Enquirer: 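Just dropping this structure here.
Just so it is clear, the structure is predicted and the values come from calculations on it, not from any experiment. The figures that follow rest on heavy atoms only: side chains count, while hydrogens, waters and symmetry mates do not. Each chain gets a letter, A, B and so on, in the order its sequence line appears, and its residues count up from 1.
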2 protein chains.
Amino acid sequence: MKVLEALSNPYRLKIVGLLSEERKFVSQLAKELNISRPLLYLHLKKLEEVKLIEGSYEISANGKTKRYFELNSFHIPLDERFISRYTSSLTVKRKTDS
Amino acid sequence: MKVLEALSNPYRLKIVGLLSEERKFVSQLAKELNISRPLLYLHLKKLEEVKLIEGSYEISANGKTKRYFELNSFHIPLDERFISRYTSSLTVKRKTDS
DNA sequence: TACACATGTAATATAATTATTACATATGAA
DNA sequence: TTCATATGTAATAATTATATTACATGTGTA
């Protein structure tokens, strides 16, 4: 399940944690996480792909273009029923994906 | 988070799905999943490490030793609060792990 | 004894994920 | 013009995860 894969990495969990406080722009996130931007982009991409976060460009007062990311609120009741419903939907027909 | 990593693989989700119906022994699982036992062991190990499943040996009527695995019921309210509580506990001190 | 069906693991190969390095562009301030 | 701070990506390296192959053991039945 894509969402669970997205949440299976420590950096991505930290990103979610940070963005749950407030939106942040890329360089800012990289600094707070202490990782390089290329690596951060990789993780942001995976989170964005499953719609956990969402980015938008903005030109700040000083003229710099910033790309802000914000968290989309979510709630997944992760238990055996949830999973078996998911796996059943796979082995049978898969109407929708993800 | 170990549990999320354990649940980030399709086979492991299927295993959870199958075991949510009833306990099964190793060869039986391998057949139903259509994977080799060595591969199955790998996945079972990861699920067992995080206590999602639990194995026990049993000698069946016909004398064969079987190792049954059963699912431990679980419920993780996976949302941003859950994650940020987790990540905060990391960056500060980490009383407990997992 | 040979076969079928259980158990398990060590060694290796393959694939996927994660991380780094080296680029390139644009804006405003010094 | 040079520096600092934003943006972004392509190519490669390193590490982990996944998968396969080849073994080995034990029990009951034919």
Enquirer: Can a side chain N or O of B:Asn62 be found less than 4.0 Å away from OP1 or OP2 on C:dC5?
Expert: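 So the side chain of B:Asn62 is outside the cut-off, no N or O lying under 4.0 Å from OP1 or OP2 of C:dC5.
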Enquirer: I need the CG-P distance between A:Leu33 and C:dT20, as an integer number of Å.
Expert: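 In whole Å, C:dT20 P lies 13 Å from A:Leu33 CG.
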Enquirer: From C:dA6, D:dT18, D:dG8, pick the nucleotide closest to the side chain of B:Lys46?
Expert: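 So the side chain of B:Lys46 is nearest to D:dT18.
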Enquirer: Hey, is the main chain of A:Gly55 close enough, under 3.5 Å, to the side chain of A:Arg23 for a donor-acceptor pair?
Expert: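 Judged by distance alone, no pair lies under 3.5 Å.
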Enquirer: Any base atoms under 4.0 Å from A:Thr65, or only sugar-phosphate, or nothing? Heavy atoms, all strands.
Expert: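 Sugar-phosphate: the residue A:Thr65, judged by heavy atoms under 4.0 Å, touches backbone atoms but no base.
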Enquirer: Which one, D:dT9, D:dT5, C:dT7, comes nearest to the side chain of A:Lys64?
Expert: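 Of D:dT9, D:dT5, C:dT7, D:dT5 is nearest to the side chain of A:Lys64.
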Enquirer: Is there a donor-acceptor pair closer than 3.5 Å between any side-chain N or O of A:Glu32 and the backbone N or O of A:Leu29?
Expert: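 Flag not set: sc A:Glu32 to bb A:Leu29 has no pair under 3.5 Å.
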Enquirer: Output the rounded distance in Å from CG (A:Leu40) to P (D:dG8).
Expert: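 A:Leu40 atom CG is separated from D:dG8 atom P by 10 Å.
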Enquirer: Nearest to the side chain of B:Val26, which nucleotide is it out of C:dT7, D:dA10, D:dT7?
Expert: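 The nucleotide sitting nearest to the side chain is C:dT7.
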Enquirer: For A:Arg37 and A:Gly63, take the nucleotide of DNA chain C holding the closest heavy atom to each; which residue's nucleotide lies nearer the 5' end?
Expert: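 It is A:Arg37 whose nearest nucleotide is closer to the 5' end.
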Enquirer: Heavy atoms only, 4.0 Å cut-off, all strands: where does A:Tyr41 land among base, sugar-phosphate and nothing?
Expert: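 Counting heavy atoms under 4.0 Å across all strands, the contact made by A:Tyr41 includes a base.
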Enquirer: Tell me: CD1 of B:Ile35 to P of D:dT21, nearest whole Å?
Expert: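 It is 14 Å, rounded to the nearest whole Å.
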Enquirer: Rounding to an integer number of Å, can you tell me how far B:Glu58 CD sits from D:dG26 P?
Expert: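 My rounded result for the distance is 21 Å.
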Enquirer: Side chain of A:Ser27, heavy atoms from C-beta onward: which of C:dA19, D:dT18, D:dT7 has the nearest atom to it?
Expert: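 Selected nucleotide (nearest to the side chain): D:dT7.
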Enquirer: I need the NZ-C1' distance between A:Lys45 and C:dA16, as an integer number of Å.
Expert: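 Computing the A:Lys45:NZ to C:dA16:C1' distance gives 14 Å.
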Enquirer: Choosing from C:dA6, C:dG8, D:dA6, which nucleotide comes nearest the side chain of B:Arg67?
Expert: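 Ranking C:dA6, C:dG8, D:dA6 by closest atom to the B:Arg67 side chain puts C:dG8 first.
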Enquirer: If you measure from the Lys or Arg side-chain nitrogens to the Asp or Glu carboxylate oxygens, is any gap between B:Arg67 and B:Glu48 under 4.0 Å?
Expert: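 Result for this pair is yes, salt bridge flagged.
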Enquirer: Among the nucleotides C:dA10, C:dA6, D:dA19, which one has an atom lying closest to any side-chain atom of B:His43?
Expert: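 Within the option list, the nearest is D:dA19.
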Enquirer: Rounding to a whole Å, what distance do you find between A:Lys24:NZ and D:dT5:P?
Expert: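 Taking atom P of D:dT5 as the reference, NZ of A:Lys24 is at 18 Å.
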Enquirer: Within the side chain of A:Asp79, is there an N or O that forms a donor-acceptor pair under 3.5 Å with the backbone of B:Phe74?
Expert: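 Here the side-chain-to-backbone pair does not exist.
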Enquirer: Can you see whether B:Glu80 engages A:Ser73 through a side-chain donor-acceptor pair at a distance of less than 3.5 angstrom?
Expert: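 Result is yes, a qualifying pair exists.
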Enquirer: Looking only at the side chain of B:Tyr57 (C-beta and beyond, no hydrogens), which of the listed nucleotides C:dT20, C:dG8, D:dT7 gets closest?
Expert: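 From the listed options, C:dG8 comes nearest.
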Enquirer: Nearest whole angstrom, please: distance from the C1' of D:dT16 to the CD of A:Glu5.
Expert: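 Rounded to the whole Å, the gap is 15 Å.
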Enquirer: Send over the distance from A:Leu42 CG to D:dT7 P, rounded to a whole Å.
Expert: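 Whole-Å distance recorded here is 17 Å.
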